[in-house]
Enquirer: 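Here's a structure for you.
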Amino acid sequence: RSRLISYPLATPAQTYRDVVFPNPARLQGDDEQMLDLYRRTLGAITLLLMPFCLTIAAVADPLVHTVLGPRWVPAIPVVSIIAVVGGLQAMATTTGSLYLAKGRADLSLRWSMGSSAFLMLCYGIGTRWGVTGVASGFLIGIALLLYPAFRIPLGLLGARPSDIAGSVLPPALCALAGAGAAFGTVHAFGAAGQSDVVRLTAGLLVSLVVTLNLLLLVRPDALHDLLRLTLSHRRGRSAVGAAPAPGAAGDAETGVQPC
């Protein structure tokens, strides 16, 4: 079930990682530079994904009513839980680059096997409370595994999770504040008797406004990295568009006009 949300989130996360962290193996002898690049990459992925995930969790009630209908009301807590799980999973999957860069695919495999067995145990315990229990068990399991999921690969670089916290926490906290504002708005509008569409729209807008304003106020490193990447991408496209067509330079030099 978590794939419904985690897969669409993991795909852009992997794409961004491949763009800014394309060949970590070339930095294999420079752990400090590799750590800095990974830290910035994870911060940008957090900035991109966590506002979306936490906002979906906050507006799950009107979202389910509006998109799926009243028959799906029991799924509201599941949607909220899986949205958070999807964001955490998308962040944790970025550690695969570190294992590969350090030539420790064997350690990655052992971690995957151990963490999968632990999550299966969480699933099993959660089945006593139905689908919501399974989703809750999944979230608890992911939360418990989050620290070692980063601690082990970062240890290969001589680093700890605290070394990347400065890049991850600011955008994550901004996203959490935006989601909290959206949650409060949704329930306030509900108490006022507003429709589900109005509640959903208001919640999304409030989350967007609060998160953007906080990001502009805090100005985390991830925001600068994203802006720099966007500007460099636009410059690259402009340079390609402005490049002369094949043969144009030769025509200009010889004075021959095209037919």
Side-chain angles (χ1 to χ4, degrees), residues 1-13 16 43-92 122-123 126-127 129-143 146 168-220 222-223 226:
R1 294 181 179 90
S2 65
R3 291 180 183 272
L4 293 175
I5 292 180
S6 63
Y7 180 77
L9 296 176
T11 300
Y16 182 88
I45 290 174
T46 303
L47 188 150
L48 286 171
L49 295 184
M50 291 312 292
F52 172 78
C53 296
L54 296 181
T55 299
I56 291 297
V59 302
D61 188 337
L63 178 65
V64 169
H65 278 94
T66 302
V67 177
L68 300 178
R71 291 179 56 191
W72 290 86
V73 168
I76 290 174
V78 177
V79 172
S80 295
I81 293 169
I82 295 302
V84 177
V85 168
L88 296 178
Q89 279 190 309
M91 293 172 60
C122 294
Y123 293 153
T127 54
W129 295 274
V131 177
T132 303
V134 173
S136 300
F138 193 14
L139 176 60
I140 293 172
I142 290 291
L146 198 60
V168 174
L169 287 179
L173 291 176
C174 290
L176 183 61
F183 183 81
T185 300
V186 163
H187 286 271
F189 274 55
Q194 297 294 329
S195 68
D196 292 321
V197 174
V198 172
R199 295 169 63 208
L200 176 61
T201 304
L204 293 175
L205 289 176
V206 167
S207 177
L208 178 64
V209 171
V210 171
T211 303
L212 284 179
N213 277 279
L214 287 176
L215 288 173
L216 292 175
L217 178 65
V218 176
R219 293 185 178 275
L223 182 61
L226 281 174

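FYI, the numbering just counts along the sequence from 1.
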Enquirer: Can you measure from CG (Leu63) to CG (Leu200) and round to the nearest 0.5 angstrom?
Expert: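 These two atoms lie 5.5 Å from each other.
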Enquirer: If I compare all heavy atoms of Ala172 with all of Leu54, which pair ends up nearest, and what's the gap?
Expert: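 Residues Ala172 and Leu54, closest heavy atoms: O-CD1, 4.3 Å.
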Enquirer: Over all heavy atoms of both residues, which pair between Ser80 and Ala60 is shortest? Give the atoms and the distance, please.
Expert: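 In terms of heavy atoms, the two residues are closest at OG-CB, 3.1 Å.
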Enquirer: Which atom pairs, one a donor and one an acceptor, fall under 3.5 Å between side chains of residues 208-220 and the rest of the protein, sequence neighbours left out?
Expert:
residue: Thr211; atom: OG1; partner: Ser207; partner atom: O; Å: 2.7
residue: Asn213; atom: ND2; partner: Val209; partner atom: O; Å: 2.7
residue: Arg219; atom: NE; partner: Leu216; partner atom: O; Å: 3.4

Enquirer: If you round to the nearest 0.5 Å, how far is CD of Gln89 from CD1 of Ile82?
Expert: 8.0 Å
Enquirer: Looking at every non-hydrogen atom in both residues, tell me the closest pair between Ile142 and Val85 and how far apart they are.
Expert: CG1-CG1, 4.2 Å
Enquirer: So which heavy atom on Gly141 is nearest to which on Cys122, and how close?
Expert: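 Here Gly141 and Cys122 meet closest at CA-SG, 3.6 Å.
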Enquirer: Report the distance from atom CG of Leu176 to atom CE of Met50, rounding to the nearest 0.5 Å.
Expert: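 It comes to 8.5 Å.
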Enquirer: Would you name the heavy atoms of Ala44 and Ala222 that are closest together and state the gap between them?
Expert: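 Closest approach of Ala44 to Ala222, heavy atoms only: N-CB, 3.5 Å.
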Enquirer: For the residue pair Arg199 and Val59, establish whether any side-chain heavy-atom pair is separated by less than 4.5 Å.
Expert: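 No, too far: nothing below the 4.5 Å cut-off.
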Enquirer: If I take atom OG1 from residue Thr46 and atom CE from residue Met91, how far apart are they, to the nearest 0.5 angstrom?
Expert: 3.5 Å
Enquirer: Can you list the residues that meet the side chain to side chain contact (heavy atoms under 4.5 Å, CB included) rule with Phe183, with sequence neighbours excluded?
Expert: Ala58, His187
Enquirer: State the CG-SG distance between Leu88 and Cys53, to the nearest 0.5 angstrom.
Expert: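 If we round to the nearest 0.5 Å, Leu88:CG and Cys53:SG are 8.0 Å apart.
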Enquirer: Could you state the interatomic distance from CG (Asp196) to CZ (Phe189), rounded to the nearest 0.5 Å?
Expert: 13.0 Å
